[in-house]
Amino acid sequence: MPDGLRAAAVAARGFMPTEEGDALWVAALEATAAVPGSPLLEIGSYCGKSSIWLGAAARHAGVVLFALDHHRGSEENQAGWEWHEPDLVDPEIGRMDTLPRFRRTVFDAGLEGSVVALVGDSPTVGPFWGTSLALLFIDGGHGSEPAHRDYELWTPKVASGGTLCIHDVFPDPADGGRPPFEIYQRALADGFEERRAVGSLRVLTAAR
Ligand code: SAH
Ligand code: MG
């Protein structure tokens with residue numbers, strides 16, 4: 001990954017550890033080589049940190065990253081929850097709004113030509129999405145209903161030979177919530193093959 005872009009990703013605000021972001025870049029390079037010409041899509045962009053690693057790979061491959069987020073935060077990002085950041089609340093409406101920060105992150109990284117924001121609710125957008133994906137990254141709502149719904153709605157859109165990445169997979173319940181781990185297990189049961197595990201990131205590929 002170009003040094004400047006990697007530095008921008010490391011410095012960006014958000015929840016993607018550097019080692020796992022680097023693994024996303026590698027997964028995206030491999031995915032775009034395996035499925036040339038198809039885009040990448042991430043569910044859950046927040047302030048755009050993971051979007052830099054994936055968007056850099058998209059640019060390298062001449063495709064785009066669709067960055068899907070309603071930018072209102074997950075349950076765990078709301079006031080009173082563990083992952084809340086109060087300065088990301090729009091004071092006039094009292095709701096979170098991470099879109100301005102996301103746009104700034106992508107602009108500063110010079111990736112506006114390769115990262116396309118899809119601002120909306122995942123289950124609202126999903127039924128209308130018809131393009132098969134070289135890579136799908138699931139990092140949206142981590143509750144049971146949102147995680148399983150994202151899995152069911154979006155994994156059928158992964159191209160054969162394409163890649164599925166899931167974040168916040170914790171085999172030990174003491175380390176974090178269950179739903180991402182559960183959908184990772186569903187992916188294995190559904191025939192996705194595990195390629196790599198880095199921290200809480202799992203990289204799987206769909207059979208050809
Ligand atoms: N990948 C990010 C972290 C994502 S946090 C990083 O690298 O920092 C999870 C994000 O999922 C939040 O921004 C939240 O708004 C989004 N999200 C949660 N449920 C969603 C839904 N139903 N549709 C779209 N986005 C959703
Ligand atoms: Mg995450």
Side-chain angles (χ1 to χ4, degrees), residues 5-6 8-25 27-28 40-58 65-79 81-85 87-90 93 95-106 108-109 111 115-129 135-154 164-170 175-184 197-203:
L5 269 177
R6 185 167 181 277
V10 170
R13 184 167 179 173
F15 300 122
M16 183 55 57
T18 299
E19 193 192 18
E20 297 168 44
D22 287 342
L24 273 183
W25 152 262
L40 321 180
L41 188 143
E42 80 174 343
I43 307 171
S45 304
Y46 198 62
C47 299
K49 191 175 180 74
S50 51
S51 317
I52 302 181
W53 276 287
L54 291 172
L65 167 70
F66 291 101
L68 171 59
D69 200 309
H70 52 36
H71 289 284
R72 296 296 184 203
S74 302
E75 193 180 36
E76 53 274 14
N77 304 129
Q78 305 304 320
W81 288 71
E82 184 177 2
W83 302 105
H84 183 57
E85 302 191 282
D87 64 308
L88 296 173
V89 173
D90 177 340
I93 62 169
R95 300 280 308 276
M96 286 192 64
D97 186 0
T98 50
L99 182 58
R101 182 81 297 213
F102 169 88
R103 280 176 67 75
R104 183 60 190 272
T105 301
V106 173
D108 285 348
L111 287 172
V115 177
V116 177
L118 286 180
V119 183
D121 187 32
S122 161
T124 303
V125 177
F128 299 101
W129 186 270
L135 180 145
L136 171 67
F137 174 47
I138 300 181
D139 194 21
H142 287 13
S144 183
E145 208 269 328
H148 284 275
R149 190 188 51 203
D150 283 344
Y151 179 83
E152 288 159 18
L153 195 54
W154 289 94
L164 170 65
C165 297
I166 305 175
H167 199 227
D168 301 304
V169 171
F170 298 111
D175 295 330
R178 305 314 287 151
F181 178 70
E182 290 165 10
I183 65 172
Y184 155 71
V198 178
S200 73
L201 181 73
R202 297 293 178 277
V203 179

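When a ligand or atom number is given, it counts from 1 through the structure's own listing order. In what follows, residues are counted from 1 in the order of the sequence shown.
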Open item on the list: Regarding D87 and R13, does a basic nitrogen lie under 4.0 Å from an acidic carboxylate oxygen?
Closed with: yes
Is it the case that ligand 1 has an N or O less than 3.5 angstrom from some N or O of [X]?
X: S50; result: yes
X: D139; result: yes
X: G14; result: no
X: G44; result: yes
X: I43; result: no

For [atom], closest protein heavy-atom neighbour:
atom: atom 23 (N) of ligand 1; result: S122 N, 2.8 Å
atom: atom 18 (C) of ligand 1; result: S74 OG, 3.1 Å
atom: atom 8 (O) of ligand 1; result: F15 N, 2.7 Å
atom: atom 22 (N) of ligand 1; result: D121 OD1, 2.7 Å
atom: atom 20 (C) of ligand 1; result: H70 NE2, 3.2 Å

Look at ligand 1 and say whether [X] reaches it with a heavy atom at a distance under 4.0 Å.
X: S51; result: no
X: R13; result: no
X: G73; result: yes

Under 4.0 Å from any heavy atom of [X], which atoms of ligand 1 are there?
X: G141; result: 18 (C), 19 (N)
X: R149; result: 22 (N)
X: G140; result: 9 (C), 11 (O), 18 (C)
X: G120; result: 23 (N), 24 (C)

Open item on the list: According to salt bridge (charged side-chain N to carboxylate O under 4.0 Å, His left out), who are the partners of E145, at least two apart in sequence or on a separate chain?
Closed with: R149
- [ ] Just jot down the salt bridge (charged side-chain N to carboxylate O under 4.0 Å, His left out) partners of D168, sequence neighbours excluded, or say none.
- [x] none
So which atom in [X] and which in [Y] form the shortest heavy-atom distance, rounded to 0.1 Å?
X: A27; Y: V203; result: CB-CG1, 3.9 Å
X: H84; Y: N77; result: ND1-O, 2.6 Å
X: K49; Y: A12; result: NZ-O, 2.7 Å

TODO: Have a look at ligand 1 and work out which part of E75, if any, has a heavy atom under 4.0 Å from it: side chain, backbone, both or neither.
DONE: neither
- [ ] Just let me know how S45 lines up against ligand 1, side chain, backbone, both or neither, with a heavy-atom cut-off below 4.0 Å.
- [x] backbone
TODO: For the pair F102 and H71, name the ring-plane relationship: parallel under 30°, tilted 30 to 60°, perpendicular over 60°.
DONE: tilted
- [ ] Classify the angle between the aromatic ring planes of F15 and W83 as parallel (below 30°), tilted (30 to 60°) or perpendicular (above 60°).
- [x] perpendicular
Task: Residue among D150, L40, L41 satisfying side-chain contact (heavy atoms from CB on, under 4.5 Å) with L136 - done: L41
Open item on the list: Heavy atoms only: which of L68, L54, D69 lies closest to atom 12 (C) of ligand 1?
Closed with: D69
Open item on the list: For R72, is the CZ atom crowded, meaning more than 12 foreign heavy atoms sit under 6.0 Å from it?
Closed with: yes
Task: Inter-residue atom distance W53.CH2 - E20.CD, 0.5 Å rounding - done: 9.5 Å
Open item on the list: Checking the side chain of R178 only, and the main-chain atoms of G143 only, is there a donor and an acceptor separated by less than 3.5 Å?
Closed with: no
- [ ] Taking the Mg ion (ligand 2) as the reference point, name the nearest N/O/S atom of D168.
- [x] OD2
Open item on the list: Any non-hydrogen side-chain atom of W129 less than 4.5 Å from a side-chain atom of L118?
Closed with: yes
Task: Angle, ND1 of H167 through the Mg ion (ligand 2) to OD1 of D139 - 10° precision - done: 100°
